Amino acid sequence: MRVLVVEDEQVLAGYLAQALRRESMAVDVVHDGAAALEQLGVNTYDVVVLDRDLPKISGDQVCAELAAEGATTRILMLTAAGMLRDRVEGLGLGADDYLSKPFEYPELLARIRALSRRAQPALPPVLERRGITVDGSQRRACRDGIPLPLSPKEFAVLEVLLQAQGAVVSAEQLLERAWDENADPFTNAVRIAMSKLRAKLGDPPVIETLPGAGYRI
């Protein structure tokens with residue numbers, strides 16, 4: 001899952017990014033509305049966590065522009081304005097969900113995961129293929145019922161492969177879905193992560209490499 005956090009309180013933004021990355025999400029962070037629109041114009045996100053009160057361009061305008069474009073990115077407004085009329089106004093602008101500050105992190109995480117399921121074709125909460133199961137909400141992966149000790153990045157890569165439901169996933173798609181904007185597309189990051197994941201999945205091998213195309217399970 002790829003998430004954009006748009007929050008001008010830099011300490012809070014950093015905390016959110018760090019916490020979501022521990023959940024195997026690829027997270028980019030910006031601190032104003034203009035930067036948010038720039039990022040949304042060049043990258044595809046499952047969910048944007050959007051503060052309403054932003055410098056340069058308001059979160060309301062960012063929300064309205066994104067909704068007007070018909071983007072599949074889901075919008076979670078995160079703001080101190082929590083009165084009923086504020087929530088109604090925010091949802092009317094095109095937001096998919098609305099969470100008031102202060103908030104509890106487990107609720108925020110649950111809402112982001114729920115929104116991400118609406119940003120793509122419906123998938124079961126627990127992904128399963130060839131004896132491998134991944135439960136994203138619990139961040140748990142198993143092979144034949146045996147837990148797999150995966151790093152956040154390895155978990156993210158495995159989740160993307162299972163979401164493809166047998167289709168080929170290119171290295172570029174993996175970089176887009178499992179890494180943030182700081183990933184260098186010319187590095188061996190995907191190959192290295194795939195090698196470590198294969199080792200932890202064990203035998204018989206389940207990840208197939210298609211030269212020049214990508215990977216699939």
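Given the structure is predicted, the values throughout are model-derived calculations rather than measurements.
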Answer yes or no: is there a donor N or O on one side and an acceptor on the other, between the side chain of Arg113 and the main chain of Gly136, under 3.5 Å?
yes
Between Arg177 and the options Leu161, Val157, Asp46, the side-chain contact (heavy atoms from CB on, under 4.5 Å) test singles out Asp46
Do Leu12 and Leu20 sit in the same hydrophobic cluster, where Ile, Leu, Val, Met, Phe, Trp and Tyr count as joined when their side-chain heavy atoms come under 4.5 Å apart?
yes
Taking side chain as C-beta onward, heavy atoms only, is Thr44 less than 4.5 Å from Arg2?
no
With no hydrogens and no angle check, is any side-chain donor or acceptor of Glu154 less than 3.5 Å from a backbone partner on Ser151?
yes
Supply the atom-to-atom distance Asn43 CG to Glu38 CD, rounded to the nearest 0.5 angstrom.
9.5 Å
Single-linkage hydrophobic cluster, 4.5 Å side-chain cutoff, Leu210 and Leu175 together:
no
Nearest 0.5 Å, please: how far is CG in Asp97 from CG in Leu78?
10.5 Å
Under the 3.5 angstrom rule, does the side chain of Arg198 hit a backbone N or O of Ile207 as a donor-acceptor pair?
yes
Okay, side chain of Arg111, backbone of Leu76: is any donor-acceptor separation there less than 3.5 Å?
no
Is the side chain of Tyr215 donor-acceptor paired with the backbone N or O of Met194 at a distance under 3.5 Å, no angle test?
no
Checking the side chain of Glu107 only, and the main-chain atoms of Glu104 only, is there a donor and an acceptor separated by less than 3.5 Å?
no
So do Asp60 and Met77 actually touch side chain to side chain, heavy atoms under 4.5 Å?
yes
Sub-3.5 Å donor-acceptor pair from the side chain of Thr73 to the main-chain atoms of Tyr45, do we have one?
yes
Donor-acceptor under 3.5 Å (Arg129 side chain, Ile217 main chain)
yes
Between Glu7 and Glu9, is there a donor-acceptor pair closer than 3.5 Å when you use the side chain of the first and the backbone of the second?
yes
Distance check, rounded to the nearest 0.5 Å: Leu150 atom CG versus Leu197 atom CG?
6.0 Å
Do Ile192 and Leu174 sit in the same hydrophobic cluster, where Ile, Leu, Val, Met, Phe, Trp and Tyr count as joined when their side-chain heavy atoms come under 4.5 Å apart?
no
Atom of Phe103, atom of Leu108 and distance for their closest heavy-atom approach:
CE1-CD2, 3.6 Å
Is any side-chain heavy atom of Leu201 less than 4.5 Å from a side-chain heavy atom of Leu148?
yes
Exactly one candidate in Ile57, Val6, Asp32, Leu66 meets side-chain contact (heavy atoms from CB on, under 4.5 Å) with Leu37; the answer is Ile57
For Lys101 and Asp51: C-alpha separation, side-chain torsions, deciding distance, then whether salt bridge (Lys or Arg N to Asp or Glu O under 4.0 Å) applies.
CA-CA 10 Å; Lys101 299 175 183 177; Asp51 188 14; 3.8 Å; yes
pair Arg21-Asp180: side-chain heavy atoms closer than 4.5 Å:
yes
Are Arg191 and Thr209 side-chain neighbours, meaning at least one heavy-atom pair lies under 4.5 Å?
no
Closest approach of Val134 to Ala141 (non-hydrogen atoms, all atoms of both residues)
CG2-CB, 4.1 Å
